[in-house]
Amino acid sequence: MDLSKLDRDSTGRCRLNSPVPAVCRKEPCALGVDEAGRGPVLGPMVYAICYCPLSRLADLEALKVADSKTLSESERDRLFVKMEEDGNFVGWALDVLSPNLISTSMLGRVKYNLNSLSHDTAIGLVQYALDQGVKVAQVFVDTVGPPETYQERLQQHFPGIEVTVKAKADALYPVVSAASICAKVARDQAVKNWHFVEDLQGLDADYGSGYPNDPKTKAWLRKHVEPVFGFPQFVRFSWRTAQSILETEAEGVLWEDSPTGDQEGPGRIMSYFSKSPQTLPRLPHRYFQERGLESATTL
C-alpha cells in the first residue's frame, strides 16, 4: 500500500483507494465499513470500505477474510495482497485521519467528538463509492456507539440502500472483515513508517502498542515530551494520558486572561457596574478581539 501521500502531509486527512472494478459499476454491490486505531494515543485512525458484487460475495468469503484483530500482521498483509490480485471484483477506499486532525477536532472551540468524526468519515466513504459509480445496494457497518442510532442516521443519508449496523460486524460479514483488514494494514504501515516532521534527538521507534495503558507507550511519551512545545504530531494530545504527562512534565502556561493572585473575587465582577470615573473602559471578549470584530454603530 502506497502511503507516500500521507508522508507528504501527516497533519490532516489522507484518502487512498483502489481502481473501481468494472463489474462494480454494473452489478449491485455489498459494501463494508470498519476502522482501525480508534483507541491508541499514538498514530492515525484509519476508516476503510471494501465492496464487491453481491454475486461474488462467496468468492470474497473464499479468501478466508476475518476480523483483522484475530489475524497476525503477516496474515493481514497476505490477505490484502490477495484482495489486490482479485481487483477485478474487489475494490476498497480508506481515509487516514491524522493524530493532529483528531486532537484539534476534539479540542476545538466547537467540540467535534470522536464518534461524530467516525460517523461522518464513514458516511463520506460510502458517498465516495457512490460518486465513483459503484452500484451500492447493501451497506454493513461495525458500529460506533448505539447501533440503532447509527443505523438510523446512515439510512437517512442513503434512503435507497439497505443499511445494517451491528456490533462485531467485522466477525459477521466478510465484506466488513475485508474492510477491517484494509484499515489495519494501512494503520500498521503508517505507524511503522511514520514521517516525523520534528527533529527528535535520539528517537526511539519502540513505542509499544500505542494504547494508553501500555507502560512502554507511556515511557515513550515521557521521553519525547518537549517542555515548551509538547508532543510530536504523532501523538493524540487530546487523550487523557497525553494531557496528564503534559501537566507533570511540561512547563505551565499563563494566558493573558488567566486570573492572578492579586485579583479580588466577588468585587471584581461588581467593578464592571461601578460608576467611578476612574473605571477603565471594558474590553470586548477575547473572541471578538482575535477576529477583529467591533460593535456596529451605524447600519
If Ile, Leu, Val, Met, Phe, Trp and Tyr residues are connected whenever their side-chain heavy atoms lie under 4.5 Å apart, and connections chain through other members, are [X] and [Y] in the same group?
| X | Y | result |
| --- | --- | --- |
| Met83 | Val20 | yes |
| Val197 | Val225 | no |
| Leu60 | Val81 | no |
| Val134 | Val23 | yes |
| Phe196 | Val235 | yes |

CA sep, side-chain torsions, deciding dist, call: Arg76, Ser72, side chain to side chain donor-acceptor pair (under 3.5 Å): CA-CA 6 Å; Arg76 291 192 297 266; Ser72 68; over 6 Å; no
Rounded to the nearest 0.5 Å, what separates atom [atom1] in [X] from atom [atom2] in [Y]?
| X | Y | atom1 | atom2 | value |
| --- | --- | --- | --- | --- |
| Arg13 | Asn100 | CZ | CG | 12.5 Å |
| Leu6 | Met1 | CG | CE | 11.5 Å |
| Ser209 | Asp214 | OG | CG | 3.5 Å |
| Lys82 | Leu79 | NZ | CG | 10.0 Å |
| Leu63 | Glu61 | CG | CD | 10.0 Å |
| Phe89 | Cys24 | CZ | SG | 9.0 Å |

With no hydrogens and no angle check, is any side-chain donor or acceptor of [X] less than 3.5 Å from a backbone partner on [Y]?
| X | Y | result |
| --- | --- | --- |
| Thr149 | Gly145 | no |
| Gln155 | Ile161 | yes |
| Gln243 | Leu246 | no |
| Glu251 | Pro227 | no |
| Thr104 | Leu101 | yes |
| Ser68 | Ile181 | no |
| Ser103 | Phe237 | yes |
| Ser18 | Trp92 | yes |
| Thr248 | Ser244 | yes |
| Asp170 | Val176 | no |

Arg153: partners by salt bridge (charged side-chain N to carboxylate O under 4.0 Å, His left out), with sequence neighbours left out: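 Checked Arg153 against salt bridge (charged side-chain N to carboxylate O under 4.0 Å, His left out); matches are Asp120.
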Chi angles and distances behind the side chain to side chain contact (heavy atoms under 4.5 Å, CB included) call for His224, Leu203: CA-CA 8 Å; His224 291 289; Leu203 174 63; 4.0 Å; yes
Salt bridge flag under 4.0 Å for residues Asp86 and Arg56: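 No, this pair does not count.
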Salt bridge present between Asp142 and Lys166 (N-O < 4.0 angstrom):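 A salt bridge is absent here (no side-chain N lies under 4.0 Å from a carboxylate O).
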Parallel, tilted or perpendicular, as decided by the 30° and 60° cut-offs, for the rings of Trp220 and Tyr207: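 Rings of Tyr207 and Trp220: perpendicular, over 60°.
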Derivation of the side chain to side chain contact (heavy atoms under 4.5 Å, CB included) call for Met106 and Lys111: CA-CA 5 Å; Met106 295 177 67; Lys111 305 303 180 188; over 6 Å; no
For a quick test of reading the model, state the closest non-hydrogen atom pair linking [X] to [Y] and the distance between them.
| X | Y | value |
| --- | --- | --- |
| Arg15 | Lys5 | O-NZ, 3.4 Å |
| Phe158 | Ile123 | CZ-O, 3.6 Å |
| Pro147 | Val165 | CB-O, 3.6 Å |
| Ala66 | Leu71 | O-CD1, 3.8 Å |
| Leu54 | Ala137 | CD1-CB, 4.5 Å |

Can you give me every donor-acceptor pair (side chain of residues 27-49, partner residue at least two apart or in another chain, under 3.5 Å) with its distance?
| from | atom 1 | to | atom 2 | distance (Å) |
| --- | --- | --- | --- | --- |
| Glu27 | OE1 | Ser55 | OG | 2.6 |
| Asp34 | OD2 | Ser180 | OG | 3.4 |
| Glu35 | OE1 | Arg38 | N | 3.4 |
| Arg38 | NH1 | Ser118 | OG | 3.0 |
| Arg38 | NH2 | Asn115 | OD1 | 2.2 |

Pair listing, side chain to side chain donor-acceptor pair (under 3.5 Å) test, anchored in residues 129-140, at least two apart: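 For residues 129-140, and leaving out neighbouring residues, the side chain to side chain donor-acceptor pair (under 3.5 Å) pairs sorted by first residue read Gln127-Asp131.
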Any non-hydrogen side-chain atom of [X] less than 4.5 Å from a side-chain atom of [Y]?
| X | Y | answer |
| --- | --- | --- |
| Pro21 | Asn88 | no |
| Ile245 | Phe231 | yes |
| Val139 | Val136 | yes |
| Pro53 | Lys26 | no |
| Leu125 | Asp95 | yes |

Step-by-step side chain to side chain contact (heavy atoms under 4.5 Å, CB included) determination, Asn17 to Tyr128: CA-CA 10 Å; Asn17 61 275; Tyr128 174 78; 3.1 Å; yes
Ring centre gap for Tyr150 and His119 strictly below 6.0 Å: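 For Tyr150 and His119, the ring centres are under 6.0 Å apart.
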Stepwise side chain to side chain contact (heavy atoms under 4.5 Å, CB included) check, Cys14 with Leu16: CA-CA 7 Å; Cys14 172; Leu16 305 172; 4.0 Å; yes
For Lys192, all residues meeting side chain to side chain donor-acceptor pair (under 3.5 Å), sequence neighbours excluded: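 Testing Lys192 for side chain to side chain donor-acceptor pair (under 3.5 Å), a comparison that skips the adjacent residues, returns Glu73.
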Listed partners of Glu226 passing side chain to side chain donor-acceptor pair (under 3.5 Å), at least two apart: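 Here no residue qualifies.
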Co-members of the apolar cluster containing Val228 [side chain, <4.5 Å]: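 Joined to Val228, directly or through intermediates: Phe229.
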Between Asp7 and Ser4, a side-chain donor and acceptor under 3.5 Å: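 Note: Asp7 and Ser4 side chains miss the donor-acceptor criterion.
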